[in-house]
Number of protein chains: 2
Amino acid sequence: MKYSQATDYALHAMLYLVTAASDKPVGVQLLAEKLGVSQTYLSKMMTKLVKAGLIQSAPGANGGYRLRRKSEDISFLDIIHAIEGTASLFECSFDHGSECLIQQVVIDAERQMEQYLENKKIADLAKTMKTE
Amino acid sequence: MKYSQATDYALHAMLYLVTAASDKPVGVQLLAEKLGVSQTYLSKMMTKLVKAGLIQSAPGANGGYRLRRKSEDISFLDIIHAIEGTASLFECSFDHGSECLIQQVVIDAERQMEQYLENKKIADLAKTMKTE
DNA sequence: TTATTATAGATTTTCAAAGTCGTTAATGGA
DNA sequence: TCCATTAACGACTTTGAAAATCTATAATAA
Ligand code: SF4
Ligand code: SF4
């Protein structure tokens, strides 16, 4: 069980947007170069982040991406959910109804993790981290 | 991000072992039939559970599997780790050392979930659940 | 000895993630 | 009005790990 590499890219891209000056949008070309990934592939993740409402995009000359909300209001969970979706990490083929305790245990465990990730804001990192 | 289906099988198999009478070992043939999966495939997961020390196996006639520990001492996390391994769910290709805060956040979040899963014992389910 | 059962390794199949390619739409500037 | 720039979209290919099968071997009780 692992997060997809796309989530890795998205986290780093968001981190870069936070540390970047907010007056000039950042294009996918620059981001892709920084992260060492192709533009076309990265742009798919950026589009997901846009649709999730975390960033806003502007086409055309001098376009690019910038944060939509304040960095203090963007959590790790927001980013992860935008890329990975919100499906539970345990779904069996049968559906024995809500009385299934196996599913309940895993879902509750997952909630523990999500609460932690929800309280960790991207701004918390930007303070102390060097961008590379 | 999802748990592998193998984990699903392992959880159900363990649950069956708990509810089964402890004097007679349960063979993979019976288990596979109950779970609707092939014997050879299921046996690989059972072997992992054996190597993890959760169950013990006996070959030969009237052989099979039985619990090694008390069901109160077997947690969800034990089973999941036996199948999925203990690798972190976030590992980037670069290694920027221990000062990487991204990894730290995800690892801490994961620990939250694992603590919950560690406290949930398989015996907790056996009490209230019907086997099917 | 023999039927039974777990273990092991090699192999194939399946399927979603990872990545590419070509096109379209929107925007600012010349 | 035209053009260079950049995001968005959909179809497609590649990759790799999980899922599953097949065959052979080892251990054990009867
Ligand atoms: S008991 Fe729960 S996890 Fe198991 S098959 Fe039924 S619904 Fe699925
Ligand atoms: S900052 Fe952390 S997560 Fe990002 S590339 Fe470096 S070690 Fe990996």
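Chain naming here is simple, since letters A, B, ... match the order of the sequence lines and numbering starts at 1 in each.
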Return the value, rounded to whole Å, for the distance between atom [atom1] of [X] and atom [atom2] of [N].
X: Gln5(A); N: dA18(C); atom1: CD; atom2: P; result: 6 Å
X: Arg66(B); N: dT28(D); atom1: CZ; atom2: C1'; result: 14 Å
X: Asp8(B); N: dA19(D); atom1: CG; atom2: C1'; result: 13 Å
X: Gln56(B); N: dA27(D); atom1: CD; atom2: C1'; result: 15 Å
X: Leu42(B); N: dC22(D); atom1: CG; atom2: P; result: 16 Å
X: Lys44(A); N: dA17(C); atom1: NZ; atom2: C1'; result: 11 Å
X: Leu89(B); N: dA17(D); atom1: CG; atom2: P; result: 17 Å

Counting the atoms with a prime plus P, OP1 and OP2 as sugar-phosphate, which does [X] contact under 4.0 Å by heavy atoms, base, sugar-phosphate, or nothing?
X: Tyr9(B); result: sugar-phosphate
X: Ser43(A); result: nothing
X: Lys51(B); result: sugar-phosphate
X: Thr40(B); result: base
X: Val37(A); result: nothing

So for atom [atom1], which belongs to [X], do other residues, nucleotides or ligands contribute more than 12 heavy atoms lying within a distance under 6.0 Å?
X: Lys70(B); atom1: NZ; value: no
X: Glu91(A); atom1: CD; value: yes
X: Arg66(A); atom1: CZ; value: yes

- [ ] Spell out, as yes or no, whether a donor-acceptor pair under 3.5 Å connects the side chain of Glu84(A) to the backbone of Ser4(A).
- [x] yes
With respect to the side chain of [X], which nucleotide from [options] is positioned closest?
X: Asn62(B); options: dA6(C), dT6(D), dA30(D); value: dA30(D)
X: Pro59(A); options: dT4(C), dA18(D), dT6(D); value: dT6(D)
X: Tyr41(A); options: dG28(C), dT5(C), dT20(C); value: dT20(C)

